[in-house]
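So you know, we letter chains A, B, ... as the sequences are listed, proteins then strands, and number each from 1. Being a predicted model, the structure only gives us computed values, none of them experimental.
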Amino acid sequence: MALSQKVNIAYNEKGGPLLDVNTDKKIVYNTKDLNLWYGKDHALKNINLAVYEREVTAIIGPSGCGKSTYIKTLNRMVQLVPTVRISGDISYRGKSILDKSYKVEDLRTRVGMVFQKPNPFPKSIYDNVAYGPRIHGIKNRKILDQIVEKSLRGAAIWDEVKDRLNENAYGLSGGQQQRLCIARCLAIEPDVILMDEPTSALDPKSTLKVEELIHELKKEYSIIIVTHNMQQAARISDKTAFFLNGEVVEYDETDVIFSNPSDKRTEDYITGRFG
Amino acid sequence: MALSQKVNIAYNEKGGPLLDVNTDKKIVYNTKDLNLWYGKDHALKNINLAVYEREVTAIIGPSGCGKSTYIKTLNRMVQLVPTVRISGDISYRGKSILDKSYKVEDLRTRVGMVFQKPNPFPKSIYDNVAYGPRIHGIKNRKILDQIVEKSLRGAAIWDEVKDRLNENAYGLSGGQQQRLCIARCLAIEPDVILMDEPTSALDPKSTLKVEELIHELKKEYSIIIVTHNMQQAARISDKTAFFLNGEVVEYDETDVIFSNPSDKRTEDYITGRFG
Amino acid sequence: MEANSAIKEGNAVNVREMIEEKKSKRSMTNVIELIMPKVLLAIATISILTTIGILFTLLSETIEFFSRVPFLDFFTGTVLRPLSQNPEFGVLPLLTGTIISSVIAMFVAVPIGLMTAIYLSEYASDKIRRLLKPMLEILAGIPTIVYGFFAFTFVTPILRELIPGLQATNILSPGIVMGIMIIPMVASLSEDAMSSVPNSMREGALALGSTKLEVTKKVIIPAAMSGIVASFVLGISRAIGETMIVTIASGSSKNFTFDITQSMQTMTAYIVEVSSGDAPSGSTIYYSLYAVAMTLFVFTFLMNLLARYISRKFREEY
Amino acid sequence: ACGSGNEEATTETNEQTASDQTEATEDETEEDATSDLSGSVVVDGSGTVYPLMSVIAEEYMYTEQENVSVEVSRAGTSAGFGRFLVENGTDFNNASRQIKDEETAEADAAGFEVMEMKVALDGLTFVINKENDWATDLTKEELISIFHHDGGVTKWSDIRPEFPDEEIKPMGPNENHGTYEFFYEKILDKEDLVDHVNLQQEYSTLVNLVSEDVNGIAFFGFGYYVNNQDKLQAVNVDFGNGPVEPSLETIGEDAQYAPFTRPVFTYLNVDNAKAKPEVLDFALFVANNVNEFAGETGFAPLPEEEVQAYVDALEGLK
Amino acid sequence: MKYVDAAVVQKKMNSRLATNSIAKTIFLLSTMFGLIVLAVLIFRVLSEGITWINIDFLTGRLSTHADRAGIMGAILGTLWLMVVVAPVTMLIGVGTAIYLECYAKRGRIHSFIQTNISNLAGVPSIVFGILGLTIFVRALDLGNIILAGGLTMALLVLPIVVVASQEAIRAVPAQLSEASYGMGATKWQTIKNIILPAALPGILTGAILSLSRAIGETAPLVVIGIPALLIPFPGGIMDRFTVLPMQIYYWTLDSSLVAEYANLAAATIVVLLVVLFLLNSIAIVIRNKFQQRY
Ligand SMILES: Nc1ncnc2c1ncn2[C@@H]1O[C@H](COP(=O)(O)OP(=O)(O)OP(=O)(O)O)[C@@H](O)[C@H]1O
Ligand SMILES: Nc1ncnc2c1ncn2[C@@H]1O[C@H](COP(=O)(O)OP(=O)(O)OP(=O)(O)O)[C@@H](O)[C@H]1O
Ligand SMILES: [Mg+2]
Ligand SMILES: [Mg+2]
Ligand SMILES: O=P([O-])([O-])[O-]
């Protein structure tokens, strides 16, 4: 039986889910009956999924199955596409984020995101990291200095860039750029970090570095990562959700998914029989 | 031992190769020590290859190995790229085509080409097929009518289009468009037909039709076909050349290549171990 | 041994044979093939000849002009009295007129054009953008004579209600109207620059909790800066070269002043005045036409070079 | 449009009479042969005379010679002479002053004969803003002091102490114009104008400037005043015998406004007239009809004998 | 240690959001400003001119009497001007574009011509007027006739056609020309039979836009010299002429002579704008109708 059916949730006073009663683990995100359409295109179908605190949750599945769409729904970036329609509910820390009254800017300061292609701003390394704190009103240079250092250290890139903080971020290699983007995301001290195939544009060595970093980050942050590298999911995640055609086929402990999947399609996918 | 080393060739009076003495088969193209560079990029390395009359010769290999480059060298289309440099020799029917005195227009009227993506002209079906004869000076409408019908029949598409010859070719399905392109090519009654992944943009049904067509065409034309669908090569070709990194790794009867390749790399590729 | 097999025997038509046969007669095709590149090259050089023609006409008469009026007097003179018995040819009144009118135009066109670009590129939905952009383009397509009429018969009277002491012909009104005319140019070039900033940049900033304004200010505008600045420079160049609006709405006083309520003449309007008076060739005033035109040409040429330099040199790499 | 019935009738006649079964629609021209002319007549010169000549030209084309094109431009008297006094120059040059000796010399040099035709009398009119209630009557000397470089007048109060203490804004047509030269030579006795005089190419600009500026004062031909009486008022000039209002009655060679009255001319290239019958025909038409149109365009007509003399002289050219 | 204080972030959030919505409103208003001016301009022109537009005005001859003045001469002048401009710019413009895109090697000559064309695009129109006056009117002694005006205008709008044609030619997929070469067609055959027909909509769009620019231009013609009163209709390219914008110019100037001339100017503007609007609509229709289907 898949995890999504096993969950037994404690609710907060407003009716939002907070705790998995079975495991006593805190729930960060709970998705209930989520459906999403791009125009007429039904991209997500009845998604039910609980994401736990300080864990790495991997989302795998073949191309076009809705992985990116789902993860972008979690910080409402998906709504930048004008044709999107959503039904169902996602609660973050017990509050429904699909509610109109929930400010996206607020949500996104708590939920950081790292993209498939590194996308540093065309500014200096320092300004890239300081961007987030600055827009939130932190102007004090000393404090900014500290934030920048801490975030770059947190993203395991400090030693490589500490002498060139004022150089343009585009002078960095792809792997460094990606870690810089992670640092940029850490600078606003998020609660959750969403990662959409963060290593797919990187070479194996850089990929390894980022994977190690994710392992470190998990101590402080909850991480949701999309990947279509099965090995990667197996290496770094605690839980894995397998998406297919917009549906969650199976969601469980990563060990279970990779060693003993309960659905035939999951097995087929993992053993490389399609996708 | 690969075919390219087994060949024993009879030469014509000008020194061009014409006949494989071992098999008594007529040689259409003979490539000798061909090297090609795009700027500094060495795309073809020491190619030696003999193509036989009224056979289907398949060229396979992983992406970027030089298949398209080679086949485009056979009708000198590759020289549309300004940075191209060529050394070595290719003789067609005993005459060196890399020679300056060989007019490309002449060569290309004898050697037709079908491309990866169907590329009909934005004209009517009729005008598409009549294009070649017309540019070569055939203006008589009656003769053109006959040529168009014959070519469309030859490309096994006559029945589907005979009532809409004056409609725009873009109204056809992808598979029909590709057969129209073949018909267009047949209209100037070439000697050789080059095909660069002619079915890779088509659905399985259309692919099958084109493959059947190739089987038919082989009775009258010599065909060189690039494909990265191994099954296709196995199904339709008489000989197969395996390219890797701009080199011919192995060239032999298709049966031999697929059942008993002499090179480890060929075997790896065919069994899907890389590429 | 004959290589070309005759396999198509029995066919009603033998295309191959016909082609071979026609080939011998197709010398025409070959001739065309040979001469066409040369013909086209000749055609392409007409644009170069045009430039040479412009330079040559302007230069030769300008040189004659400077043999009569010292170079320094021309460029430092504050009095322009070309028709007078004792003519004086100081170009400064025209230069200030030109620069002041262009500056006024840019005061209108830069903020409004840029904000329009921001709205279209960052805020407007696809549908609205597709509706508004062509409407703005209409503004760019209106003949300048119409703007001149508009400035003279509509904007000036309104401005005179608001600003006492504004002359009936003044540089302010045509300046403003020129600005309006340039808005679409600034807006559409800036919008192009901003839309070509990759979406990943926008997403990156939004994902950090930025508002759209912050994304625009901190990420999009800096990234698109070169294109935006280039659009300003091109706008200035356009304003400098604009003729009819100033001619109609600013009169032909050659005041050397910085008072925008006054009538001033621009270089372009001077050319119109002198040429509609049809200066007899050979007179100094006739040559002054070319000297002023040369100055104008150099001005706009430098502006265009600058615009191109900016957009090439400072193109961000993302 | 009104006159269209007439037009059509004329058109028809002309179309039917391809060769020579013509009867002249009007009987002023005596010879049948001349009533079927074609070709073009080019008239340039004075802007003051333009309204009169354009009306005559129009009448000629509408009622007399459908196929003759009379083009009228108005570069200004002096500029017009520039185009007139050259080989293949214009056929007529209108002038609001008499031709100068050096200009006659140019014609001689170019090798053609020029015939002077007075066409009407014009009063140099000074106009002020409608709201100006103090300067409605001025003496000749006072007027001159406003424009004279040595007049010592910059404010109204400099003229008479009871006038307002405000800067006068003197204006006039620029040096392209005969009106300017008449003013400069005949009124100011070739003394320079004040430095701050605002000289314009277009009379319309002057009309606008004065109509919108209480302190403006400009001079130009009476016709431009007549057509803008709703926007401007004329200064009554005291030549010593009390203020005289410029009007068709007072403008005349011996009438009260005489000191500011000037004849206006058109100059005919006689060689062109001999070579081109349509030029001569138009000249005759002008001579025959000018008095009829003078009044409606703001000019005082000439004595009939004077006009008849031109008619005779022109007939002699045939 | 936490540097980012959630409470502070929360507090700032509201003012940031408010700033954003205010800015959005300002941006929208700026966008509307241009459109409002456009509306006012059109309204003004219509209200002054529309009642003056009737068949007699459109088909009548020019006159100094406002009530019987017509603009047929100016309309015909504009048309004749186009008779010169259209073929000349098309020939030179498309020829140059073909040369640059299909024949010229990327190198010195190519970038020289290309740079030259973009520079020409920035030369003020009045300078072209001086060129036309000096070369066509005086040196070639054509006088101020349609041919001289048309050639001047043709050079003025040439860059528009060149750039549009270049873009159109570049947009023709390489696979089409490859297919043609593959059949043994020569370069010119390929250009003539494949590339030009496929690029035609883009070329036509550019040509129409260049024509509408030429129709609206005044400054070069002022320099060349157009008579203030010219009544007969032009019958060919060797005739003298006037055009709609020149008529607007003179009537605007002379509105101080006869007040109704302002209405005539406005009515002529209406006609000119309608012509331009029609031309642009045609361009849009062509662009949409023949949008690439390959
Ligand atoms: N902006 C969009 N507009 C319309 N449809 C979209 C859009 N983005 C994605 N889709 C569609 O939604 C479905 C899911 O796309 P999504 O990008 O989420 O897939 P994915 O699992 O991330 O695939 P990949 O591994 O290729 O990134 C696909 O069918 C896709 O075509
Ligand atoms: N126009 C070109 N300019 C420069 N390099 C080129 C060009 N076309 C191909 N190449 C390079 O030449 C090499 C061979 O390319 P080619 O297109 O022949 O490969 P291919 O075997 O056809 O691959 P595919 O299966 O992807 O079509 C590649 O490294 C490619 O990058
Ligand atoms: Mg994705
Ligand atoms: Mg290929
Ligand atoms: O235009 P003028 O009559 O003054 O020459």
Side-chain angles (χ1 to χ4, degrees), chain C residues 29 32-33 36-37 40-41 43-44 46-48 50-51 53-54 57-58 112 115-116 118-120 123 132 135-136 138-139 141-146 148-150 152-154 180 183-184 211-214 237 240-241 243-244 248 268 271-272 275-276 278 289-290 293 296-297 300-301 304 308, chain E residues 16-17 19-20 23-24 26-28 30-31 33-35 37-38 41 44-45 91-92 95-96 98-100 103 113 116-120 122-127 130-131 133-135 155 158 162 186-189 212 216-219 222-223 225 245 248-249 252 262 265 269 272-273 276 280:
Chain C
T29 321
I32 290 176
E33 207 55 36
M36 224 47 215
L40 290 170
L41 174 62
I43 290 177
I46 291 178
S47 69
I48 294 175
T50 307
T51 308
I54 290 174
T57 39
L58 294 187
I112 297 184
M115 290 195 287
T116 303
I118 293 174
Y119 183 77
L120 290 178
Y123 286 88
L132 292 186
M135 286 171 74
L136 276 174
I138 298 180
L139 210 53
I142 289 182
T144 56
I145 186 83
V146 177
F149 180 81
F150 184 66
F152 188 56
T153 64
F154 183 70
I180 292 170
I183 289 173
T211 62
K212 275 193 174 172
L213 180 64
E214 287 155 357
S237 165
I240 291 174
T243 309
M244 297 320 288
I248 292 185
T268 51
I271 296 172
V272 166
S275 57
S276 49
D278 207 274
L289 189 79
Y290 290 87
L296 175 68
F297 179 79
T300 50
F301 181 72
N304 292 327
R308 211 128 28 86
Chain E
R16 287 170 52 215
L17 289 175
T19 317
N20 182 49
K24 180 179 177 179
I26 295 177
F27 296 153
L28 176 61
S30 292
T31 312
F33 175 81
L35 299 178
V37 171
L38 180 66
L41 191 152
R44 284 266 314 170
V45 169
L91 180 71
I92 305 179
T96 305
I98 295 175
Y99 180 75
L100 289 177
Y103 284 101
I113 299 180
N116 177 60
I117 284 165
S118 49
N119 278 335
L120 271 187
V123 173
S125 59
I126 192 138
V127 173
I130 292 182
L131 178 76
L133 177 73
T134 315
I135 305 284
L155 294 183
L158 181 60
V162 174
T186 62
K187 191 157 197 165
W188 178 245
Q189 282 175 330
S212 48
E217 268 295 342
T218 321
V222 173
V223 176
I248 296 168
Y249 178 56
T252 306
I269 288 176
L272 179 61
L273 290 183
L276 293 180
N280 283 294

| request: Please determine, among Val123(E), Asn119(E), Leu273(E), Leu155(E), the option with the most heavy-atom pairs under 4.5 Å with chain C. | output: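 Among Val123(E), Asn119(E), Leu273(E), Leu155(E), the one with the most close pairs to chain C is Asn119(E).
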Please round to the nearest 0.5 Å and tell me the distance separating atom [atom1] of [X] and atom [atom2] of [Y].
X	Y	atom1	atom2	answer
Ile248(C)	Thr252(E)	CD1	OG1	5.0 Å
Thr134(E)	Leu289(C)	OG1	CG	8.0 Å
Thr50(C)	Leu131(E)	OG1	CG	7.0 Å
Tyr123(C)	Leu28(E)	OH	CG	11.5 Å
Thr96(E)	Ile46(C)	OG1	CD1	6.5 Å

| message | Going by ring-ring contact (aromatic ring centres under 6.0 Å, His included), name the residues that satisfy it together with Phe150(C), two or more places apart in sequence or in a different chain. | response |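 Checked Phe150(C) against ring-ring contact (aromatic ring centres under 6.0 Å, His included); matches are Phe154(C).
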| query | Ile48(C), Ile183(C), Thr300(C): which one forms the most heavy-atom pairs within less than 4.5 Å of chain E? | reply |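 The option with the most such pairs is Ile48(C).
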| query | Among Ala44(C), Ser237(C), Gly141(C), which residue forms the greatest number of heavy-atom pairs with chain E at distances under 4.5 Å? | reply |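 Ranked by heavy-atom pairs under 4.5 Å with chain E, first place is Ala44(C).
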Contact part of [X] toward chain E, heavy-atom cut-off under 4.5 Å: side chain, backbone, both or neither?
X	answer
Ile32(C)	side chain
Ile240(C)	neither
Met135(C)	both

| query | Who passes side-chain contact (heavy atoms from CB on, under 4.5 Å) against Leu158(E), sequence neighbours left out? | reply |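 Counting only residues at least two positions away or on another chain, Leu158(E) forms a side-chain contact (heavy atoms from CB on, under 4.5 Å) with Ser47(C), Ile92(E), Val162(E).
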| request: Run the numbers on Tyr103(E) and Leu41(C) for side-chain contact (heavy atoms from CB on, under 4.5 Å), then give the verdict. | output: CA-CA 9 Å; Tyr103(E) 284 101; Leu41(C) 174 62; over 6 Å; no
